[in-house]
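Accompanying notes for the structure given below.
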Protein chains: 4
Amino acid sequence: MIVQLNLQCDVPLYLQLRNQIVLQIGEGLAQPGERLPTVRELAAQLGVNAMTVNKAYALLKQEGYLVQDRRAGTAVAKHFPPAADFTAKLERDLSLLTAESGLRGIDEETFLALCRKQYRRFGTGARTAKEGSGCSL
Amino acid sequence: MIVQLNLQCDVPLYLQLRNQIVLQIGEGLAQPGERLPTVRELAAQLGVNAMTVNKAYALLKQEGYLVQDRRAGTAVAKHFPPAADFTAKLERDLSLLTAESGLRGIDEETFLALCRKQYRRFGTGARTAKEGSGCSL
Amino acid sequence: MIVQLNLQCDVPLYLQLRNQIVLQIGEGLAQPGERLPTVRELAAQLGVNAMTVNKAYALLKQEGYLVQDRRAGTAVAKHFPPAADFTAKLERDLSLLTAESGLRGIDEETFLALCRKQYRRFGTGARTAKEGSGCSL
Amino acid sequence: MIVQLNLQCDVPLYLQLRNQIVLQIGEGLAQPGERLPTVRELAAQLGVNAMTVNKAYALLKQEGYLVQDRRAGTAVAKHFPPAADFTAKLERDLSLLTAESGLRGIDEETFLALCRKQYRRFGTGARTAKEGSGCSL
DNA sequence: GTGGTCTAGACCACC
DNA sequence: GTGGTCTAGACCACG
């Protein structure tokens, strides 16, 4: 679990951590079902307080990205809840990004190419992982 | 200038205001060169503190979306600064959105269709402005 | 806001607080829209840490019982979200209560009478409050 | 003894187990006097630690739902202790449920119908047992 | 050894 | 003034 937190950034640490973990899952670096480091371990590794990691894990659990097994620590969920009101949030976020992109001279093709590139890098990790998660023998 | 602020949203008011103004420019509702209400006017209209509006205007000016003329007050800029480090931010934001979308079951076509839709609505408002993007002096 | 916490009880303080606030809303003692004490105020009054109150408020906000206005503190929501998966939880809880009641010799009439009594005391506070919330002059 | 434990639920395993056993008794699936699996058997069947099952059995014994005979192992009690302070707990639990139900829009008839349904399913399993509730010696 | 809870006290962003 | 974040360190329930 390689995570980099930026203490200068105004985004709260627990949110940065939450985002990085989502990225890692999306990119396939953290496979569904895979165990994550202990709250204390990760806290020590990152040099932050355990409660900060705890908050990130709790948020991810609430969002359905992580599950917490009663006996052993925290793991990536095996499947993720469908959109729900996520689409609305997505539209809002995209509208802002497209507005800024358009104003700053990024044309439609360029913008969509970027979207495609990012989707192929981050948006498919969990799906492909689910298929080929057996031993390749 | 029709702006709706959500007092119960966790996004700071000044940021909500900033975002809405960007959207209006992107959508073409606020044309380049168009004058905006004064800080006091807008604050009164929205029922918020003048400092809040001030902060939003200052941020937008710093980002190059607005210009402040000592005599003519605040107006939408006539041309907007090119990408610079905006692309980096865009990539970061998109990577998070694509990761979440992929995990929540939004496939590539759906995602790209949504991107296109939003771009065509918000990302083209200043198209005409881009043509005449000479020096605004 | 009269709340009693039991330090001996094994229910976490923040949950006890959460429950008590739900009861007060249900009973009509805390009217929709009414402001609640500050996190710090309530913490001082109860003799607990501010983070404990914070956690209770955050939970209640997430559940839709409270709203947090950006400028001023916390208030009771004006209307509450519909059931969603609450009914499932309700059924599970009731099944356990009915099983224990039956085994301990509480017959159906007695049980239902108790349910009715509690519903009339706690389950109607917000609805009646919404109607008659004007001045009675 | 068919029991399903949810490892990702926030309810402790021993409590889930205790609740399920109460439900089975209430529903009549486990008859008064019937023998239960040994701690080890049930632990193996459920894939949990024996201490967990032990804890659930001990709790149920203390509550009067189970009896432990040195020779015959653990069995469902033949009669159950009357209310005592159970009514107080019942009232507390019901008050919270009614408050939440009322606020979430479940009206009195719906609520009571649900109570009745659950009582008829779970609250009547030991009816016959109550008749012969003499001393179990 | 795991996560959950709580404390006392600090700093900061927002309004 | 508000709530939000973070820290360092403690204790506890669970398994």
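In what follows, every chain begins at residue 1, and chains take the letters A, B, ... in the order their sequences are listed.
- For B:N54, the side chain to side chain contact (heavy atoms under 4.5 Å, CB included) partners at least two apart in sequence or on another chain are B:V39.
- For B:E41, there are no salt bridge (charged side-chain N to carboxylate O under 4.0 Å, His left out) partners at least two apart in sequence or on another chain.
- Listed by residue number, the members of residues 12-21 of chain A with any heavy atom below 4.0 angstrom from DNA chain F are A:P12, A:L13, A:Y14.
- Residues satisfying the salt bridge (charged side-chain N to carboxylate O under 4.0 Å, His left out) criterion with A:D85, sequence neighbours excluded, are absent altogether.
- Within the structure, the ring-ring contact (aromatic ring centres under 6.0 Å, His included) test picks out no pair touching residues 25-49 of chain C (sequence neighbours left out).
- In this structure, the side chain to side chain donor-acceptor pair (under 3.5 Å) partners of B:E63, at least two apart in sequence or on a different chain, are B:R18.
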Give the table of side-chain donor-acceptor pairs shorter than 3.5 Å for residues 1-17 of chain B, with sequence neighbours excluded, one pair per line with atom names and distance.
from  : atom 1 : to    : atom 2 : distance (Å)
B:N6  : OD1    : B:Q8  : N      : 2.9
B:Q16 : OE1    : B:N6  : N      : 2.9
B:Q16 : NE2    : B:N6  : O      : 3.0
B:Q16 : NE2    : B:V11 : O      : 2.8

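- Sorted by first and then second residue, the pairs that involve residues 17-67 of chain C and meet ring-ring contact (aromatic ring centres under 6.0 Å, His included), not counting sequence neighbours, are C:Y65-C:F80.
- A stem is defined here as three or more consecutive Watson-Crick or G-U pairs, each with both distances under 3.5 Å; for DNA chain F these stems are E:1-14 with F:1-14.
- Judged as a side chain to side chain contact (heavy atoms under 4.5 Å, CB included), and not counting sequence neighbours, the contacts of A:R35 are A:T38, A:A72, A:A75.
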Each nucleotide N or O in nucleotides 8-11 of chain E that has a protein N or O under 3.5 Å away: list the pair and distance.
from  : atom 1 : to    : atom 2 : distance (Å)
E:dA8 : N7     : C:N49 : ND2    : 2.2

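- Under the salt bridge (charged side-chain N to carboxylate O under 4.0 Å, His left out) criterion, D:K89 pairs with D:D93, not counting sequence neighbours.
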